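Down below is the structure, laid out as structure tokens.
Residue numbers begin at 1 in each chain, while the letters A, B, ... track the order of the sequences. Source: prediction; values computed, not measured.
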Amino acid sequence: MTNHHATAEILSEPLSLQRRALSALMMGLTYLLFLVAIIPLGSLLYTIVSQGLPRFSWNVFFHIPAPIGEAGLIDGFGNAIQGSLMVLAVACIISIPVGLLAAIYMAEFGRNSKTAHVIRFVTQVLSAVPSVVVGVFAYGVIVFTPAIEIGGVLLKPKGFSAVAAGVALAVLMVPIIALTAEESLKLVANAQRLGSMALGGSRFQTTFKVVIPQSMAGITTGVLLALSRAAGETAPLLFTAFFTQNWPTGFDHPTPTLPVLIYNFSQSAYTSQNEMAWTAAMVLVALVLLASLVSRLAVRKSFR
Amino acid sequence: MNDPQLETTPSETEELTLSQTKSGRLEPAPEPNELVTAMKVRDLSFYYGTFKAIEGINIDIYEGQVTAMIGPSGCGKSTFIKVLNRISELEGQVKVEGTVEFFGQNIYDPKVNLNRLRRQIGMVFQKPNPFPISIYDNVAYGIRLFGRKPKVEMDEIVETALKSAALWGEVKDKLNKSALGLSGGQQQRLCIARALAVKPKVLLMDEPCSALDPIATMKVEELIESLRHEFTIAIVTHNMQQASRVSSYTAFFSTDESRVGHLVEFGPTSQIFLQAKHPRTREYIEGRFG
Ligand SMILES: Nc1ncnc2c1ncn2[C@@H]1O[C@H](COP(=O)(O)OP(=O)(O)OP(=O)(O)O)[C@@H](O)[C@H]1O
Ligand SMILES: [Mg+2]
């Protein structure tokens, strides 16, 4: 009886004032820091939308920038959106296979091997290279050197082009994709690999049928991270894609892109162009968010 | 195709099935000379890096029998069982000395096709490890690794495997649901079904019941009982009752002073449990150490 009594008392006894005060203080601190952490994001989004929305209309997707001083023309930057998509497409075609294969090697086939350590180290170094430097590299290797043509197929154009820009962005994307994909492959429990191998599965089958499907969400996140970083890069594009006021004329020609347009227009002496830069920034952010939303939904659908 | 023996079915098994009955408690096992050796292990030592985990193991795993491995924790039972299907090689820098023969063929011969070998020597792990896909796909996984089969045929294989794992009744209405929705015991039986589906000759089980409650354990034991005529089974267990209930042969492992695992005694289960030759075995079985 007494025992029960004592237990009940312990349970109902309030925590000491000190501990409750400390708890409240810590809680408050947590909320405060959370607010501090989202202030930059919130104010950034607010500024972009509030500055960009006034000039926004669906026309911006379908028209090229109106020449200054010509009244009555519809203003837009559809050419830069199209050019950005072209450059990013080239970058993805190069960086996704390279990055994923590197990740698969580091996490599966060459796990713990010397080669894997070297690759990881080199990848980390690459991820720390400033994007300007990558731009100059692409300029020296792709823009500046003669065109390569094999059997009538143009592999590498000379001069500013979407291809050169895609290569530069791919160099920035590969390390992000490789390192995040490696991490998410490593998160798959080893018991899953053993389960597959114990049934007679080869390493190849185990990797592609068991491990990769289970890390698809993480891999997608990595690709998106790389893509959103690349989508906003400006410096490498100045050296590679350059810019035009017109619609892109092919992967082997100078190509307008959103970041360079924003850069040029925000420096412009004309307020109309300054305002359009904000609108372009808003569209760029919206496109990146949209891409990440859509692919996340797609991954969740197909892999539970 | 370069290992014909890894594919052939050894025939002479008729006389083996005589001695075991359903109640099967400590019944006399068949004499070794009547038995076909499924796996013959000679002078086996195994190293993790430079650490010698087991040494000098000699043992015959007889076809159509259940062989139990018992012994104190850390004596190398798991290590030993993983050597038998060469899954231990996936744990990094390891070294194997001695020979392991699977129906007369050395499985450590460089010519051996590991995928084919592991298909012949299935394994059930301590913790259930179903793939996060549907129940059906889990069972079909092993078959699909070696080529496509028509749907009707695959359905039949899946059903047979689930039935022999005593799981069919519980899952037949939700074959397309995720395997992760099953209980721990059901998951373990699913893993057994998955291993049975590829029709291995030998089934290795490493403490298959340690994560299960008594009822699920009983179900798995009944399952082993029913499988013992069709498959050769080697099972690691910490549960003496379990070893005596399900096995006809028992191997007792223990470590020496330098923490290296040895096979202390191997023989018919009744002999190990009732009149063990080695004092350490008697002590362990009577619960005086380990
Ligand atoms: N992957 C590994 N790397 C290095 N040493 C290992 C590894 N796995 C096991 N060992 C060591 O090998 C010895 C035998 O381990 P093992 O897992 O085979 O024991 P066990 O008999 O199965 O024990 P338990 O009954 O606790 O499962 C132990 O000393 C253990 O520390
Ligand atoms: Mg073990």
Please round to the nearest 0.5 Å and tell me the distance separating atom CD of Gln192(A) and atom CZ of Phe125(B). 10.5 Å
Proximal component of Leu114(B), with respect to chain A [non-hydrogen, under 4.5 Å]: neither
Is the count of non-hydrogen atoms from other residues, nucleotides or ligands lying under 6.0 Å from Phe204(A) atom CZ greater than 12? no
Rounded to the nearest 0.5 Å, how far does CG of Leu145(B) lie from CE of Met197(A)? 11.0 Å
Counting only non-hydrogen atoms closer than 4.5 Å, does Arg193(A) touch chain B with its backbone (N, CA, C, O), its side chain (CB onward), both, or neither? neither
With chain A, the option among Arg144(B), Lys127(B), Met123(B), Arg194(B) that has the most non-hydrogen atom pairs under 4.5 Å is Arg194(B)
In this structure, CZ of Phe131(B) is separated from CD of Gln214(A) (nearest 0.5 Å) by 8.0 Å
Could you tell me whether Lys186(A) atom NZ has more than 12 heavy atoms of other residues or ligands within 6.0 Å of it? yes
Quick check on the interface: out of Val210(A), Leu194(A), Leu199(A), who has the most heavy-atom pairs with chain B under 4.5 Å? Leu199(A)
Which atoms of Pro130(B) come close to chain A, meaning under 4.5 Å heavy atom to heavy atom: side chain ones, backbone ones, both, or neither? backbone
Looking at Ile87(B), Leu204(B), Asn85(B), which has the largest count of heavy-atom pairs under 4.5 Å with chain A? Ile87(B)
Is the number of heavy atoms from other residues, nucleotides or ligands under 6.0 Å of Phe137(A) CZ greater than 12? no
Can you confirm whether Phe34(A) is buried at CZ, in the sense that more than 12 heavy atoms of other residues, nucleotides or ligands lie under 6.0 Å from that atom? no
Report, as yes or no, whether the 6.0 Å neighbourhood of atom CD on Glu91(B) holds more than 12 heavy atoms from other residues, nucleotides or ligands. yes
What part of Arg86(B) lies closer than 4.5 angstrom to a heavy atom of chain A: side chain, backbone, both or neither? neither
What's the separation between atom CZ in Arg111(A) and atom CG in Leu90(B), rounded to the nearest 0.5 Å? 11.0 Å
Option that, when pairs with chain B are counted at under 4.5 Å, heavy atom only, ranks first among Gly201(A), Ser202(A), Gly200(A): Gly200(A)
